[in-house]
Structure formats: C-alpha cells, structure tokens
Amino acid sequence: MATTTMTMARALNEGMRRAMERDPKVLLMGEDIGKLGGVFRVTDGLQKDFGDDRVIDAPLAESAIVGTAVGLAMRGYRTAIEIQFDGFVYPAFDQIVSQVAKLHKRSKGVYTMGLVIRLPYQGGIGAVEHHSESPEAYFVHTAGLRVVTPSTPHDAYWMIQESIAHDDPVIFCEPKSRYWDKGEVDLDDPGPGLFDAVVRRPGTDVTVVAYGSMVKTALRAAEAAAAEGTSLEVIDLRGLSPFDTDVMAASLERTGRLLVVQEAPPYASVGSEIVATLTERCFYSLRAPALRVAAYHVPYPASRIEDVFRPSVERVLDGVDRLMEYDQ
Amino acid sequence: MATTTMTMARALNEGMRRAMERDPKVLLMGEDIGKLGGVFRVTDGLQKDFGDDRVIDAPLAESAIVGTAVGLAMRGYRTAIEIQFDGFVYPAFDQIVSQVAKLHKRSKGVYTMGLVIRLPYQGGIGAVEHHSESPEAYFVHTAGLRVVTPSTPHDAYWMIQESIAHDDPVIFCEPKSRYWDKGEVDLDDPGPGLFDAVVRRPGTDVTVVAYGSMVKTALRAAEAAAAEGTSLEVIDLRGLSPFDTDVMAASLERTGRLLVVQEAPPYASVGSEIVATLTERCFYSLRAPALRVAAYHVPYPASRIEDVFRPSVERVLDGVDRLMEYDQ
Amino acid sequence: MADELVQLLSPEGQRVDHPDYECSLDDTAILGLYRDMVIVRRICNEATALQRQGQLALWAPVQGQEAAQIGSGRALAPGDFVFPSYREHGVAWTRGIPPADMLRIFRATETGGWDPQRYHCNLPTIVLGDQVPHAVGYAMGIQRDGAEEAAMVFFGDGASSQGDVMESFVWAASFMAPVVFVLQNNQWAISEPTSLQTKIPLYRRADGFGFPGVRVDGNDVLAVYEVSRRALERAREGGGPTLIEAYTYRMGAHTTSDDPTRYRVDAEVEVWRHRDPIERVKALLAREHAVRSSTFEEVAAEAEAIAQALRADVLAMDAPPATDMFDDVYAEPHPWTEAGRAEVLAFAEEAR
Amino acid sequence: MADELVQLLSPEGQRVDHPDYECSLDDTAILGLYRDMVIVRRICNEATALQRQGQLALWAPVQGQEAAQIGSGRALAPGDFVFPSYREHGVAWTRGIPPADMLRIFRATETGGWDPQRYHCNLPTIVLGDQVPHAVGYAMGIQRDGAEEAAMVFFGDGASSQGDVMESFVWAASFMAPVVFVLQNNQWAISEPTSLQTKIPLYRRADGFGFPGVRVDGNDVLAVYEVSRRALERAREGGGPTLIEAYTYRMGAHTTSDDPTRYRVDAEVEVWRHRDPIERVKALLAREHAVRSSTFEEVAAEAEAIAQALRADVLAMDAPPATDMFDDVYAEPHPWTEAGRAEVLAFAEEAR
Ligand SMILES: Cc1ncc(C[n+]2csc(CCOP(=O)(O)OP(=O)(O)O)c2C)c(N)n1
Ligand SMILES: Cc1ncc(C[n+]2csc(CCOP(=O)(O)OP(=O)(O)O)c2C)c(N)n1
Ligand SMILES: [Mg+2]
Ligand SMILES: [Mg+2]
C-alpha cells in the first residue's frame with residue numbers, strides 16, 4: 001500500500017496527471033491553467049508535460065469554455081474544465097443547464113457528456129466578492145448533472161479521476177479553504193465509490209452531515225461535543241447528486257437526530273433536500289426535527305465578517321444543543 | 001367595487017398599463033414585445049400607446065436585456081422585462097445572480113434595483129423543449145431576489161403592479177398554462193399582500209400547498225377528495241421568496257399533514273424548503289412526514305408525455321392517500 | 001448591397017459573373033440541387049399541413065431559405081459535422097436524415113430526432129446560439145485528431161446578437177478552428193427586423209474578430225454552394241474560420257404559432273417572391289441545360305411521394321411510453337431518476 | 001502598430017503631430033494630469049505596501065496604466081457616469097473618491113466602497129464584463145431623460161472576450177447609446193497574453209458592430225485625454241458609441257496574489273518601463289513649460305501626504321459589525337434575511 005502525504009491541491013494535480021496519462025482523450029481547459037498552473041496552482045506543470053493542445057489556456061469567456069467542451073465531448077474528448085472561482089460559473093449557466101445536462105438525453109445516449117467542471121468553491125480564505133460562493137444547490141436541482149465534493153486529499157486524488165472517467169457530466173466542487181490542508185493519499189486503493197457518503201467519526205447522539213469545507217468544522221465540533229459528553233456521528237457526504245441516503249438514514253435511525261451543516265445559504269438548498277428526504281425516510285426514528293446550520297440568506301459578505309456567515313464550531317454545537325433539547 | 005372578467009394574459013396587460021400610466025419611469029423590455037405584443041400577447045398594444053422608448057423591443061440577448069435593465073435602474077428607471085420563455089432565462093443568470101441580486105447591498109442601498117423579470121414558466125401547453133421549465137428554485141435560493149407567482153387573473157393584475165412598484169428585484173413567474181383562464185378581477189381592491197399565501201379552499205385533513213399552475217390541479221384534487229370523504233385545505237402560496245410560513249403553519253397545525261405540489265423537479269427545490277421549514281416549525285403537530293408531489297429528476301420531457309411529468313390530480317390524491325395512511 | 005453580395009445566378013435565372021467565385025457544378029449537380037430544394041419545400045408544406053391538422057405541436061417553416069440550406073449543406077463532405085438550429089430542415093435533408101425524423105421534435109414525441117453521429121449532424125438546438133460554441137469545440141477536436149474535416153454551424157440574424165455566438169468568434173479566431181459559421185439572415189427574428197440587431201451588414205461582424213466574412217445571395221443556390229465549398233476547404237486546410245452571411249428571406253411565418261401580419265407588410269413578401277430560390281434554378285435549367293418539363297414533373301412527383309410517405313410516418317408516430325423520460329438522462333443509473341421511474345411504473349400498475 | 005496608434009507625446013516627452021487630434025490643454029491642465037498620475041501611483045504603492053503588511057486582503061496595482069485612466073477620467077464631465085472594473089483607481093481618483101474608499105473592498109470590510117450616485121462613479125465590478133451592459137443601460141436612461149450626458153465604461157483585454165461585452169456592443173450600436181467603451185489593453189489578463197483573446201488589434205472589434213474604434217497610446221495622457229474627450233462629445237451629441245483601446249501595460253503583478261515571473265520575461269517589462277506614462281509628461285513639462293523641479297517636489301510631497309493619510313485611514317478601518325451583512329440586502333425587510341440577523345444577534349447575546 002503506497003501512501004503519501006500531500007495537500008489537496010497537489011492531490012488534484014496528481015489525480016489529473018494520472019487521468020491524462022491513462023486516456024489521451026482527456027483535456028484540461030480553463031483560464032490561466034497553463035504557464036501559471038491556475039491561480040491555485042492545481043494544474044501546475046501539466047501544460048509543460050502534456051502540451052498546450054491538451055492543457056488549454058482559454059480566452060476569458062466561461063460560456064464558451066463550457067460550450068466548446070461540449071463540442072469536444074461530441075467528438076469524443078473528455079475535458080476537465082477549471083472555473084477560476086465559484087462566482088464565475090454563472091456566465092456558463094445556460095450551457096450547463098440547457099446543454100451539458102440535457103444532451104445525453106436529447107441524443108438518446110449517443111453523446112457522452114463526460115466532462116468535468118471543476119469549481120473551487122466555498123469561502124474562508126478572506127477573498128473579495130464572488131470568490132467564496134457555494135453554488136452547489138443550483139446544480140443539484142438540475143437533472144442531468146452529477147455533483148461531488150471531496151474533503152480530503154485522498155478523496156480529491158481519486159474522485160477527480162473517477163469524475164473524469166465518468167460518462168456523465170460532473171460538477172466537481174473543490175473546497176478551496178482546504179486546498180492547503182495535508183493528508184494521506186493511498187495511491188492504490190480508492191476506497192468508497194464516487195457518490196458514497198463516509199462516516200468520518202462514529203457517534204451515538206446526533207448525526208451531523210457535512211460536505212466540503214464543513215467536514216473539518218463538523219469534526220472539530222464533534223471533538224468539542226465529546227468533551228461535554230455528547231457524541232456526534234460525522235458523515236462526509238462526498239456525493240451531492242446523488243447523495244447517499246442509506247448511510248445517512250442508517251445513522252439517523254440510531255441517533256434520532258439530524259443536523260446538516262453547509263456553507264451555502266439555507267433556502268431551497270442541499271440541506272433542505274437532505275432534511276426533506278431523511279424526514280420522510282426516517283419519520284418514526286426522529287426524536288427532533290432535522291435541523292440545519294447554514295449560511296444566511298444574504299450575499300456572501302465582506303470577508304472580514306465571513307466567519308459569522310460560515311457555520312462555525314460554535315454554531316454547530318448550538319444546533320446540537322437545540323436538537324438535544326427536543327426530547328428532554 | 002368594479003370587477004371585470006378577463007384572462008390572466010389580459011390582466012397582466014392591464015396591470016402593466018396601469019403601472020406605466022402611474023409612473024413614467026416604468027419601462028418594458030423584451031423580445032418581440034412591441035408590434036407583436038409578445039408571443040403570448042401579454043404586452044399587446046402597449047408599444048402603440050406608450051411608444052418604443054418605453055416599450056423596447058430588445059435585440060436577442062437575454063444577458064444584455066437584464067444587464068441594461070440594471071443600468072436603467074441605476075438611472076432611476078423601473079424595467080419590467082419579459083423573458084420569452086422560462087428556458088431562455090439562463091443566459092441572463094450571471095447578471096441576475098451576481099448583479100441584480102447584489103447591487104442594492106453593494107451600494108449600501110443607494111441603487112434601487114426595482115426591476116421585474118417576467119418569466120412565463122411551467123409546462124402544460126404541449127410545447128417543444130426549453131419552453132416549459134420551472135426554474136424558480138434557482139431564484140428562491142438566491143439571496144437578494146424576491147420571487148412571486150400569481151395563479152389567478154386578479155392576482156396577476158395586482159401582483160404585477162406591486163412587483164413593478166417594489167424597490168427590490170422581483171422574479172415574476174407566470175404560469176403560462178393559465179394565461180387563457182378567465183377570472184374575476186377586482187380593479188379597486190388588491191386583497192392580500194404581495195407575498196401572502198391565500199387559503200383557496202378550507203379543509204381539515206391535509207394541507208395542500210401549491211403555486212402557479214398547480215393551484216388549479218390542487219383544487220381539482222380537493223374536489224375529488226371531498227367526494228371520497230377527505231377534506232383538503234388548499235393554499236396558494238403566491239410568494240416564493242419569501243413564502244408565507246405563518247399561513248402554512250396555521251393550517252398544518254390543524255391538519256397535521258402537509259403535501260406540497262409543484263411542477264419543478266423535487267431535489268433542492270421550493271418544495272424541499274417548505275417541507276424542511278414546516279417540519280421544524282410544526283414538528284409536534286405532524287401526524288405524518290410532510291410529502292411532496294413534484295415532477296421527476298429528469299429534463300422536461302417531450303411534451304406528448306408531459307402529463308406524466310407534471311403532477312396530476314391522481315398523483316396529488318395518491319400523495320394524500322400516503323399521508324392519510326401514516327397514522328392509521 | 002449589390003456589390004457586397006456574391007451572386008452567380010440572378011433572380012431571373014441568368015448567370016452572373018463574379019470576380020472571385022465561379023460555378024463548378026455540372027447539369028446533373030445543378031439538377032440535384034433543384035431536386036433537393038423542391039423536396040425540402042414539399043416536406044415543409046406537408047409539415048405545415050400536418051400542424052394545421054393537429055398532428056404536430058409546432059412547425060418552423062423553411063420556405064424561402066432552401067437555397068441557403070441546400071447550397072451550404074451540399075458543400076459539406078461526409079466527414080464534416082454540421083450543427084443546425086431549429087429551422088435547418090434543408091440542411092438535415094442534405095445529411096440524409098429521414099424527413100420523419102426531422103419532425104419528431106415538432107410532434108413532441110422526443111427532444112432529439114436522430115442519431116447525430118450517424119448522420120454527422122447535430123440535433124436541432126433551440127436555445128439561440130447555444131450550438132455555436134459546440135461547433136467550435138468540435139472543430140478543436142478535429143484539430144487535435146489531425147483530421148481534414150470541418151464543422152459548419154447555422155444560426156440566424158437574431159441569434160447573432162447572443163453572447164455565445166460572439167464568444168465563439170473569439171475562440172474560432174484564437175484557435176484557428178476549422179469551422180464555418182453560416183448566418184442565415186432571413187431579415188426577421190420573429191417580429192424583429194435585422195436592423196434591430198445591427199446597423200451594418202452582418203457579414204462584417206467577422207471583421208471585428210479577424211477572419212473573413214462574406215455575404216452571399218442566400219437565394220442563389222449556386223453562389224451559396226461555391227462560397228460554402230471555398231470556406232469549408234479553407235477550414236479543412238487549416239485556414240481558420242469563415243463567416244458566411246446568407247442573405248435570404250423567411251417567406252412564411254416564424255412558426256405555425258406566429259402571425260406575421262402583425263409586423264410586416266405583404267409588399268415586402270412580394271418583393272422576395274420574385275427572388276424565389278427554386279424558380280431561378282428552374283429557369284436556368286430549362287434555358288441553359290434544356291431540362292424538359294417532364295423532368296421537373298418527375299421531381300415534383302418524387303417530392304409528392306416523399307411528402308406522402310412523411311405523412312404516413314408522422315401519423316404512425318406515437319407518443320413514447322411515459323418511462324421514456326427516465327431513459328438516457330444519465331449514462332449510468334442515478335437513484336433520483338430511477339426513483340421517478342419506479343413511481344411512474346407503480347402508478348401505472350395501480351391504475352391497471 | 002505605429003500608424004494605427006494615436007499619440008501626441010512620445011515616450012521621450014516630445015510632442016507628436018496627429019492628423020485628427022491635437023492637444024487642447026494648457027500648462028496648468030497638463031501639470032494637473034501629471035499631478036493626478038503621480039498621486040495615483042503613490043496611492044497604488046501605498047496600497048501594495050499595506051497589502052504586504054497584512055493590512056489588505058488583496059490589491060490590484062494600476063502602475064503603468066495611470067495615463068489611460070487619468071486621461072479618460074479627466075475627460076469626463078461631472079454629469080457623466082463612469083463604470084469601472086476593479087483596477088480603475090485612477091479613474092476613481094478623477095471622480096473625487098477618497099482613496100481610503102477605494103481600498104475598502106481590498107480591506108474586505110465591504111463589497112462596495114462609496115456612494116456611486118454621489119461621485120457619478122459605479123462601484124468596482126469584479127465579474128469580467130458585467131458592468132458593460134450596465135453602462136449601456138444607463139446610457140439608454142440618459143437618452144430617455146433627454147440629457148446631454150454620457151456613460152463611460154472600463155474593461156480589459158481579457159474581458160473583451162466575454163459575451164456580455166459584445167452583447168453590449170450590439171445594444172450600443174442598435175440604440176445609438178451615448179456610451180464610450182474604454183478597453184485598457186494592458187497586454188495581459190493575469191497570465192494570458194492579449195494574443196490569446198484576439199489575433200487582430202482589439203480596437204478593430206468595433207468595426208464588426210458598426211461604430212468607430214480607435215487605438216490610442218495608453219501611456220500618453222494627452223492623447224488619451226483628447227481621444228476620450230472627442231468620444232464623449234460625440235456620445236453626448238447623439239453620435240453613438242465609440243470603442244477606445246488604450247494600448248498600455250500592467251507594470252506590476254495582476255494582483256498582490258499573482259506571480260508574473262511565471263509567465264512573462266523581465267525584458268518585456270523593461271521595454272515598457274521606457275514608455276512610462278509619468279516620465280514623459282514630466283519631461284514635457286520641464287522642457288516645454290519650464291516647470292521647475294521644486295514644483296515636481298511639491299507634487300511628490302502632496303502625494304506623500306495623501307499616501308500617509310490613506311495609511312492612517314486604512315489602519316483605522318475596522319471590520320463592520322457582523323450584522324452588517326443583513327443590512328441593505330433588500331430595500332424592504334425580507335423575513336429570511338431578518339431571521340439570520342436575529343440568530344446572529346441572539347448568538348452574540350448568548351456569548352456575552
Ligand atoms: C436564448 C433564446 N431566447 C429566445 C428564444 C425564442 N426564440 C426562438 S426563435 C427566435 C427568433 C430567432 O431569430 P433568428 O435568429 O433570426 O432565426 P430565425 O428564426 O429567423 O431562423 C426567438 C426569439 C430562444 N429560442 N432562445
Ligand atoms: C467572469 C470572470 N471570470 C474570471 C474572473 C477572474 N479574473 C479576474 S481578473 C482576470 C483577468 C482579467 O484580465 P483583463 O480583462 O485583461 O483585465 P486586467 O486584469 O488586465 O486589468 C480574471 C481571469 C473574473 N473576475 N470574472
Ligand atoms: Mg432570422
Ligand atoms: Mg489586461
């Protein structure tokens with residue numbers, strides 16, 4: 001078993017390198033991904049090694065980046081797109097929703113829309129406006145897309161490869177605040193499937209479901225809660241469309257309490273869906289209503305106050321408290 | 001009390017006429033809204049009467065339609081945009097999400113983004129692809145926007161005027177399958193507020209929440225259920241962001257059973273949010289988990305089979321049955 | 001206008017000299033183009049009739065634009081790939097797509113219609129401009145494959161205002177993509193005249209992006225063919241993109257839902273009737289190539305037979321099973337989609 | 001390049017004749033422009049230092065582009081309205097915006113920075129191209145008001161590829177909107193050279209849309225001023241839009257997060273150093289207008305004082321209260337937003 005320690009950014013880089021080595025039809029496209037290696041250096045060195053025919057610096061037009069990747073997919077290529085920051089994916093929204101999501105259906109399966117749209121998402125890096133968005137709900141709501149998000153270097157390494165190899169379009173959400181976190185990567189064993197949820201910490205009192213950046217926050221909260229005698233089970237969702245209802249339900253049936261933690265604003269979000277789905281599935285197990293700890297219904301604020309906007313350990317613990325109070 | 005009978009399309013037309021008469025800063029903009037009067041004739045005659053400086057036929061570019069309306073708003077104008085069909089709003093998504101929704105905040109309230117984006121939405125008219133979408137969840141999730149949807153000519157007449165007069169941007173969703181339905185319009189009394197839900201039919205067993213086209217479907221289902229001895233309370237939501245939690249909760253506390261009916265696909269949708277919000281608010285009143293009857297997680301299908309995709313009276317009744325079975 | 005318009009055949013069917021282009025087609029080929037146009041018009045009329053009879057949800061007539069579509073479509077090589085919008089029935093015809101397949105989306109029994117890889121012809125794209133970057137991306141794929149092929153993409157005068165179209169121009173120029181943009185300027189975008197989209201001729205849009213633009217008489221099939229052939233060759237040989245503005249006219253309504261009397265005058269339609277794309281070839285064939293009236297009658301009879309077969313095919317075209325909506329949404333099963341399928345099946349079961 | 005570039009002042013500070021433009025500014029005015037540029041550069045250096053010291057989250061240096069921004073900004077009339085992107089500190093300066101306000105978004109204490117109506121200057125727009133249709137729409141408002149005003153909008157060579165920018169060209173041309181598009185071609189879009197966005201000079205983009213495009217030496221403040229003045233006058237008088245390509249150079253990094261050594265060579269920067277926009281005006285002033293070195297020292301001292309005041313202001317700039325995020329999201333209270341406010345307040349209460 002070959003394991004190595006690396007950052008998530010590096011793990012993504014290595015994962016893409018492997019995908020490109022394995023399949024000559026794999027291309028990368030995005031703004032500044034060539035010589036610069038991307039603003040986060042996730043594609044560092046890849047253009048040098050694979051050439052600018054395969055690692056394509058794109059003119060600045062997100063709609064055309066996605067639109068041309070669709071055309072490349074029609075010709076049999078698999079393009080992993082880098083959108084420079086979450087907030088810049090919206091100009092491509094029409095191509096994603098009206099074309100990427102629908103062409104496999106429209107062509108009765110003739111076209112393989114095997115493209116990946118990499119979105120460095122979520123906040124927590126003190127950035128200016130539009131650089132800290134959590135747009136995943138838009139894509140989860142859209143039929144025809146798949147959405148995943150790793151929270152560890154190991155998952156980043158494997159999930160990017162699996163997403164590129166997948167025949168469906170995958171919106172690949174990268175928690176940018178975790179790019180520089182290091183972790184062990186097992187280079188031989190991918191572990192769970194692309195859309196499987198993983199129990200990161202077992203517990204008995206409350207099921208805490210998180211994804212992306214919030215997994216770390218949830219784990220810290222679990223640590224703190226344990227010190228106070230409350231046992232949190234922390235689930236890393238990994239797949240957002242589809243998400244892993246079974247793993248969440250199994251946990252909820254034991255704990256009777258569900259808390260969803262997300263960086264996105266709450267309304268009509270992934271958290272709403274998890275609550276609605278799990279409430280229906282586990283109605284008789286619920287000792288309290290499923291609750292959410294999320295951002296607020298405001299545009300991402302000036303980053304000097306982003307720590308109030310993004311769920312904190314304290315807010316997770318507060319959610320836990322609220323849940324624990326219900327059946328006492 | 002002056003009431004007249006008219007179609008929803010006509011009511012919208014009259015409402016916009018009144019808004020334009022009242023306020024010279026009100027403009028209309030969209031594709032084919034001038035001589036043609038819009039593909040649904042909702043703006044019929046308005047260019048003739050108000051001139052092409054106020055009723056502006058736009059070049060075919062939705063992003064620029066919204067973007068220029070933003071600029072007009074900065075200059076003090078209030079533009080009611082017509083997007084020709086729901087499926088063509090996506091090219092404007094960036095302007096809506098990154099600019100329209102955020103400029104009031106960014107300018108600390110200096111800019112009034114008093115614009116309206118009219119979206120003929122939902123299906124049921126046997127149209128080709130992209131002409132029957134229900135994109136409301138995208139906008140409800142987005143902070144900074146408001147979303148409303150009338151279901152009757154009376155509401156259409158008043159809500160369009162209130163939306164145009166509103167200082168926040170309003171996504172105005174028009175259930176196109178109801179454009180030709182006639183109804184009484186009270187020209188003097190608007191009735192409930194812009195975001196208020198309305199109980200369209202009182203009942204005792206199940207609270208059915210619907211909006212847009214589905215209100216009619218829900219009312220038909222209530223009729224049928226009554227014949228079989230089940231009493232449905234039908235709520236027309238009207239406001240989607242914000243929605244009227246109080247009216248729904250008051251009903252749910254009496255019935256103990258909630259069914260949300262929507263034309264949009266279910267995941268991470270308005271229905272998910274209603275279920276999540278109401279489950280939390282009325283946890284101890286629930287006799288069954290809140291359920292949804294929605295479209296499916298597929299692109300809008302070929303319209304020859306749209307009646308299976310869109311919730312039908314039968315599916316609503318089936319949802320009611322499932323709810324009623326819980327506590328028996 | 002005249003001096004910027006490539007024309008090889010006058011409205012009266014007289015040959016016209018052009019400094020840069022000359023007709024390379026022989027009798028048989030010209031008769032072939034004539035035949036194509038007659039058949040496509042007949043298909044279009046049949047479809048309109050079918051719509052009137054409630055057999056189609058909608059139809060977008062091509063009448064008046066047959067030369068623009070047949071001339072460009074016939075210039076394509078089999079290996080080229082073409083990206084139509086929603087009105088390119090003539091182009092689809094040149095790719096060998098069965099007429100009934102063209103009508104599937106209009107009968108609303110499906111959202112596609114044919115196998116795009118088989119015919120090297122993409123499915124109709126309804127969202128204005130969305131197909132244009134697809135063509136450019138496809139062309140970038142051609143480059144990477146080192147193939148001598150080209151992509152050709154169709155869009156209208158109205159669609160030319162969409163950002164996606166212009167971003168595609170940027171890309172095509174930047175990557176020297178082997179793509180030919182065919183802008184059919186049929187003077188109208190539903191009720192909006194071309195003058196609302198631009199104050200200068202649309203072919204000049206290319207000037208701003210650094211590749212050639214050419215305006216061709218879109219009702220002159222010979223000119224359209226030659227201009228398209230040249231542009232496609234250029235693309236295949238690595239010369240980069242070309243914008244062709246086919247200057248033509250939509251003789252009918254925008255679609256069968258449209259009422260053009262609300263926004264345009266009959267006199268305008270009359271003017272264009274005298275520029276009919278079929279009549280001028282017929283005149284040429286009759287005069288210059290001594291094609292006999294019996295041949296024209298044969299073509300008409302063939303078109304009639306195709307129309308009748310089409311009618312039969314369309315009437316036989318049933319709604320798909322309800323569960324069709326769940327097929328092919330994803331390449332691998334997605335549990336949310338499958339949950340819908342299960343619900344529909346259970347419901348159908350119950351109803352029985 | 002030379003023959004297409006409007007230049008009135010050589011890099012050496014020599015006057016240059018131009019057939020269409022001549023300098024209308026007197027000594028005082030030119031000294032004023034010099035002063036502006038010196039101050040803006042000093043502000044920029046201070047901001048960079050503040051960022052290095054951890055006082056700003058980010059900074060986007062304007063160094064090298066002072067003439068492009070001061071020349072155009074100073075050509076504006078008070079009633080005109082200007083739409084900057086995120087690097088237009090020079091333009092903001094010409095609108096009277098306090099330097100500290102320019103830095104608020106970079107200190108991440110807010111997402112705006114000033115009252116746009118007061119200064120007739122929109123807030124910085126970060127999403128590339130989004131501000132361009134705003135300017136056109138604003139200009140359409142000017143038309144409807146019957147006012148003699150113009151809108152001016154700034155964007156970069158990279159942003160020129162965005163659909164929104166080109167759709168704005170369509171609109172401006174179609175409605176003859178009183179808008180001046182200022183494209184600062186600073187040769188780079190982060191790591192991407194302008195040659196990736198276009199193969200021909202960007203000012204020629206306007207040709208494809210039917211309005212004038214002009215390339216001006218963006219490091220020549222006199223030329224930028226005159227070209228801008230002319231375009232603004234034309235706009236105000238109903239002549240429609242103009243595209244000005246200010247050919248300049250980003251001397252610094254894209255932002256303080258950027259590392260330009262990864263993608264460009266020092267020699268290139270050196271070449272542009274010889275074209276410095278400030279030095280050439282200084283040479284002119286010294287030689288032709290006999291401005292004494294004491295005057296230059298006074299300007300430097302004033303710039304220094306402004307920089308020090310800026311530093312003090314920035315250091316005094318606190319994070320807003322957490323509930324700031326709930327203010328002004330909506331013009332009227334929205335219950336979902338207010339629920340968040342209540343939660344944050346309750347939480348703060350509890351923590352006390
Ligand atoms: C993005 C988008 N907006 C609006 C529409 C509705 N629509 C369909 S066809 C059409 C007019 C298109 O005109 P043009 O591009 O000239 O093509 P033509 O119909 O004349 O062939 C419009 C506005 C659409 N399909 N897509
Ligand atoms: C829609 C969008 N995509 C990507 C970005 C990220 N981004 C910020 S600045 C920049 C380069 C812009 O270059 P240019 O337009 O030439 O302006 P300059 O920075 O040179 O002034 C990029 C890619 C963005 N802000 N908006
Ligand atoms: Mg047209
Ligand atoms: Mg630049």
Side-chain angles (χ1 to χ4, degrees), chain A residues 30-41 44 47 52 56-65 67 84-85 87-92 94-95 125-132 265-268 293-309 312 314-315 318 321, chain D residues 57-58 86 104-112 124 126-130 156-165 189-192 196-198 254-255 257-260 262-264 318-327 329-330 334-341 343-344 347-348 350-351:
Chain A
E31 296 165 1
D32 304 296
I33 67 168
K35 273 194 188 160
L36 188 64
V39 293
F40 292 107
R41 308 293 184 265
D44 194 22
Q47 189 180 64
D52 59 7
I56 307 169
D57 262 334
L60 302 193
E62 285 75 7
S63 191
I65 291 176
Q84 198 161 82
F85 283 89
F88 309 137
V89 71
Y90 306 125
D94 173 54
Q95 282 290 342
I125 61 161
V128 297
E129 211 185 348
H130 311 290
H131 291 69
S132 308
Y267 299 88
V293 173
Y296 300 110
H297 191 66
V298 303
Y300 201 93
S303 57
R304 284 289 287 271
I305 54 174
E306 68 183 339
D307 289 345
V308 180
F309 179 77
S312 57
E314 293 69 37
R315 282 180 61 209
D318 179 66
D321 286 348
Chain D
L58 188 79
Y86 45 83
R104 291 183 194 279
I105 63 167
F106 295 101
R107 193 160 165 90
T109 53
E110 58 179 270
T111 54
I126 292 174
V127 184
L128 296 173
D130 273 15
D157 44 294
S160 73
S161 295
Q162 289 283 355
D164 271 20
V165 173
I190 310 186
S191 74
E192 300 188 347
L196 182 63
Q197 319 290 336
T198 182
H254 171 69
T255 65
S257 300
D258 181 38
D259 174 10
R262 291 180 75 105
Y263 55 80
R264 71 183 185 188
D318 280 337
T323 53
D324 176 88
M325 72 178 81
F326 304 106
D327 297 341
V329 174
Y330 292 95
H334 188 300
W336 298 351
T337 303
E338 295 311 313
R341 186 197 302 273
E343 187 179 314
V344 167
F347 219 81
E350 213 173 285

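The sequence lines fix the lettering, A, B, ..., with proteins before strands; numbering per chain opens at 1. Reckoned from all heavy atoms, side chains included, excluding hydrogens, waters and symmetry mates.
Interface remark: A/S63 contributes no atoms to any contact with chain D (heavy atom separation under 4.5 Å). Heavy atoms closer than 4.5 Å to chain A are found in both the backbone and the side chain of D/R107. In this structure, the portion of D/P321 lying under 4.5 Å from any heavy atom of chain A is its backbone and not its side chain. Contact annotation for D/D258: only side-chain heavy atoms (C-beta onward) come within less than 4.5 Å of a heavy atom of chain A. Looking at D/F326, both its backbone and its side chain come within 4.5 Å of chain A, counting heavy atoms on both sides. Contact of D/H334 with chain A is made through the side chain alone, with heavy-atom distances under 4.5 Å. Contact of D/E338 with chain A is not made at all, since no heavy-atom distance falls under 4.5 Å. For chain D, no part of A/A295 is nearby; none of its heavy atoms comes within less than 4.5 Å. Contact of D/I105 with chain A is made through the backbone alone, with heavy-atom distances under 4.5 Å. For chain A, the nearby part of D/L58 is the side chain; its heavy atoms alone come within less than 4.5 Å. Neither the backbone nor the side chain of A/Y90 comes within contact range of chain D; no heavy atoms are under 4.5 Å apart.
For the pair D/Q162 and A/E62, the minimum side-chain heavy-atom distance is below 4.5 Å. Using a 4.5 Å heavy-atom cutoff, the side chains of A/V308 and D/T323 are not in contact. At a threshold of 4.5 Å between non-hydrogen side-chain atoms, the residues A/P301 and D/D324 do not count as touching. A/E306 is not listed as a side-chain neighbour of D/M325, based on a closest heavy-atom distance of 4.5 Å or more. Taking 4.5 Å as the limit, every side-chain heavy atom of A/V298 sits out of range of all side-chain heavy atoms of D/R341.
Considering all non-hydrogen atoms of both residues, D/R262 and A/L36 come closest at NE-O, 3.3 Å. Nearest heavy atoms, A/I305 versus D/A322: CD1-O, 3.8 Å. Closest non-hydrogen pair, D/A189 versus A/D32, comes out as O-OD1, 3.4 Å. Across every non-hydrogen atom of A/L60 and D/Q197, the tightest pair is N-OE1, 3.1 Å. Here the closest heavy-atom approach between residue A/A61 and residue D/S161 is recorded as CB-O, 3.5 Å.
Annotation: the span from D/E343 atom CD to A/D318 atom CG amounts to 7.0 Å, rounded to 0.5 Å. In this structure, CD1 on D/I190 lies 15.0 Å from NZ on A/K35, to the nearest 0.5 angstrom. Between atom OG1 of residue D/T111 and atom OH of residue A/Y300 there is a gap of 12.5 Å, rounded to the nearest 0.5 Å.
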Task: Verdict with reasoning, D/V344 to A/R315, per side-chain contact (heavy atoms from CB on, under 4.5 Å) - done: CA-CA 10 Å; D/V344 167; A/R315 282 180 61 209; over 6 Å; no

TODO: Could you go through the side-chain contact (heavy atoms from CB on, under 4.5 Å) check for A/Y296 and D/T337 one step at a time?
DONE: CA-CA 7 Å; A/Y296 300 110; D/T337 303; over 6 Å; no

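Judged by distance alone, with hydrogens and angles left aside, the side-chain atoms of D/E192 form no donor-acceptor pair with the main-chain N or O of A/D57 at under 3.5 Å. Side-chain N or O atoms of A/E129 include none that pairs as donor or acceptor with a backbone N or O of D/I126 at under 3.5 Å.
Applying the ring-ring contact (aromatic ring centres under 6.0 Å, His included) test to A/Y267 and every residue at least two apart in sequence or in another chain returns A/H297, D/W336. Looking at residues two or more places apart in sequence or on another chain, you find no salt bridge (Lys or Arg N to Asp or Glu O under 4.0 Å) involving A/R41.
Your options are D/F106, D/Y86, D/Y330, and the one with the most heavy-atom pairs under 4.5 Å with chain A is D/Y330. When the candidates A/I125, A/V39, A/V128 are compared by the number of heavy-atom contacts under 4.5 Å with chain D, A/V128 comes out ahead. Ranked by heavy-atom pairs under 4.5 Å with chain A, the list D/G156, D/A57, D/G158 is led by D/G158.
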